[in-house]
Amino acid sequence: MDATGPTGCLPRRVHVGYALGSLVTGAFGTVPGLLLLPYLTDTLGVAAGVAALLVLLPKAWDVLVNPVAGRISDRTRSRWGARRPYLLLGGLALAVLFAGIFAAPFGTGPAAGAYVAVAFLATAAAFAFFQVPYVAMPAELTGDYAERTRLMSWRIAVLALAILVSGAVAPAVVTAGGEGVAGHRWMGLFVAALIVAGAVGAFLGTRAAPTGAVGESEPSLRAQLAVAARNRPFRALLVCFVVQSAGVATVLAGVSYFAGQVLRDPETGPTLLFAGFVGPALLVMPLWTRVGARVGKLAALVAASLIFAAGALALVAAPVLPAAGVYLLVAVIGVGYAGQQVFALAMLPDCIAYDTARTGRRQAGVFTGVWTAGETFGLALGPGLYGLVLQLSGYVSSSTGVAATQSAQARLGVLVGFTVLPALLVGAAVLLLRPYDLTPARLAAATPTPSADHGVVVGEESR
């Protein structure tokens with residue numbers, strides 16, 4: 001068996017088992033982006049600009065942690081394989097630390113904000129040791145170009161379900177728990193339980209999965225990062241995905257604000273917005289898979305991104321639209337989001353397989369470490385940008401657990417941050433894909449050639 005794993009179709013139980021890990025990535029990718037900024041501004045009384053920094057700065061640490069996590073998993077040798085131990089251990093640590101973010105041992109005020117920042121940093125580090133090995137697995141599970149798309153379709157379907165459950169139910173748990181600090185504590189425990197279910201499910205579900213032969217990796221992290229930087233398709237895809245992740249994250253960060261300040265429905269609005277966003281994503285997943293098979297992954301990714309951007313831009317008319325029109329446009333955004341996620345994540349294993357074919361070296365962990373570092377930064381940048389928009393528009397914070405009365409200018413900031421900003425980020429990012437030229441034919445033709453630098457194989461140079 002080669003380093004890229006077996007060819008042909010994977011058993012359905014492996015599809016399902018691997019996809020269960022998206023309960024972890026979906027919950028952690030959604031809930032902090034959805035609730036952490038409002039928790040800081042409307043429960044702990046932290047100013048919007050400061051709250052934006054508290055959400056963003058801990059994520060800068062992940063730019064360093066994620067590639068290290070990838071290198072460690074690349075070099076792990078265990079009876080469970082290189083990646084699976086981290087699915088269990090990283091996932092369980094993540095669950096405990098996530099609940100701690102919302103424990104609020106210092107009540108409200110500046111000390112409480114500082115505690116959240118430190119707890120969020122520790123939680124993000126634990127997430128790196130789950131997510132990086134998890135994202136690295138598809139390139140080793142199968143060497144088949146089309147099978148990786150099928151595997152990603154299962155993963156994104158569960159991811160959409162995880163986003164729906166965590167994003168729609170978490171605000172309801174806060175309300176049922178009494179709002180404020182108490183409600184957020186209950187919400188933290190609920191999401192922690194969801195993370196445990198996903199981590200254990202992925203660990204057990206992939207126990208019989210093929211993992212490919214263990215190959216040699218570059219001797220140092222610096223050398224591995226240099227190899228990733230020379231991979232032209234990977235570079236283009238990564239930069240595009242980071243920018244688009246920031247755009248998606250601004251939508252998540254703005255849901256509670258948009259529901260309360262624009263829709264005037266702070267109690268049921270967030271749940272309905274999430275149902276409208278994620279529900280269509282679940283329904284159109286098989287359709288996107290067929291579209292990708294017909295037009296190619298790259299063209300499908302561009303189309304999905306433009307659908308997302310068009311829906312978000314049209315939503316700027318929300319103050320004068322009926323509720324049905326608002327939720328219809330949210331559904332359009334969800335359709336675009338589903339395709340954008342499916343094809344970006346299906347193209348990543350292709351980039352990794354291309355590198356392995358050229359170099360003969362097993363470095364999936366480093367590629368996914370760089371990828372998840374970028375994604376994590378993008379997901380943190382979105383709330384940071386949204387918080388900056390709130391600060392500039394004059395948003396008033398509160399320590400009561402209920403949003404303060406806002407000016408017309410602040411409400412405009414809420415609207416623009418939820419519509420125009422993500423439309424620009426997701427739509428314009430497709431221009432960054434111009435250097436991406438990896439096709440099935442080019443991937444099949446990639447062969448290793450000697451390198452003068454390392455005495456190993458590096459293959460065709462990236463342009």
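We count residues from 1, following the sequence as given. Computed from a predicted structure; not experimentally measured.
- E375 places none of its side-chain heavy atoms less than 4.5 Å from the side chain of V242.
- Without hydrogens or angle criteria, W288 side chain to F343 main chain gives no donor-acceptor distance under 3.5 Å.
- Within the 3.5 Å criterion, the main-chain N or O of A19 finds no donor-acceptor partner in the side chain of R155.
- Between P270 and F258, the closest side-chain pair of non-hydrogen atoms is not below 4.5 Å.
- Checked by atom type and distance alone, the side chain of T30 never pairs as donor or acceptor with a backbone atom of A27 at under 3.5 Å.
- Note that CG of L161 and CG of L23 are 7.0 Å apart. Values are rounded to the nearest 0.5 Å.
- A distance below 6.0 Å separates the ring centres of Y39 and F102.
- S256 pairs with exactly one of T41, V414, L35 by the side chain to side chain contact (heavy atoms under 4.5 Å, CB included) rule, that one being L35.
- A donor-acceptor pair under 3.5 Å is formed between the side chain of Y134 and the backbone N or O of Y18.
- Proximity of the aromatic rings of Y436 and F234 is defined here by a centroid distance below 6.0 angstrom, and this criterion is not met.
- With contacts defined as side-chain heavy-atom distances shorter than 4.5 Å, the pair Q340/V248 qualifies.
- The aromatic ring centroids of F130 and F28 lie 6.0 Å or more from each other.
- Of the inter-residue distances, the one linking L263 atom CG with L273 atom CG reads 5.5 Å to the nearest 0.5 angstrom.
- Considering OH of Y327 and CD1 of I333, their distance stands at 12.5 Å, rounded to 0.5 Å.
- Of the candidates V332, V330, V255, F277 forms a side chain to side chain contact (heavy atoms under 4.5 Å, CB included) with just one, namely V330.
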Please determine whether side-chain contact (heavy atoms from CB on, under 4.5 Å) holds for the pair F308 and V335, giving the CA-CA distance in whole Å, both sets of side-chain angles, and the decisive distance to 0.1 Å.
CA-CA 7 Å; F308 181 109; V335 169; over 6 Å; no

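- Within the 4.5 Å cutoff, no side-chain heavy atoms of L438 are placed close to those of L237.
- Tested against F418 for a side chain to side chain contact (heavy atoms under 4.5 Å, CB included), the candidates V262, L315, T250 yield a single pass: L315.
- Each of L159, L94, L87 was checked for a side chain to side chain contact (heavy atoms under 4.5 Å, CB included) with V24, and the lone residue meeting it is L94.
- Side-chain atoms of F241 and L433, non-hydrogen and from C-beta on, never get closer than 4.5 Å to each other.
- To the nearest 0.5 Å, atom CG of residue L348 and atom CG of residue L238 are 9.0 Å apart.
- Residues V31 and M187 form a side-chain contact, since some pair of their non-hydrogen atoms from C-beta on lies under 4.5 Å apart.
- Under the 4.5 Å side-chain criterion, counting only non-hydrogen atoms from C-beta, N231 is in contact with F367.
- The side-chain heavy atoms of L329 and L321, taken from C-beta on, include a pair separated by under 4.5 Å.
- The backbone N or O of V426 sits nowhere less than 3.5 Å from a side-chain atom of S305 that would complete a donor-acceptor pair.
- Distance check, rounded to the nearest 0.5 Å: CG of D355 to CG of D350 gives 12.5 Å.
- The CD atom of Q341 lies 9.5 Å from the OG atom of S22; values are rounded to the nearest 0.5 Å.
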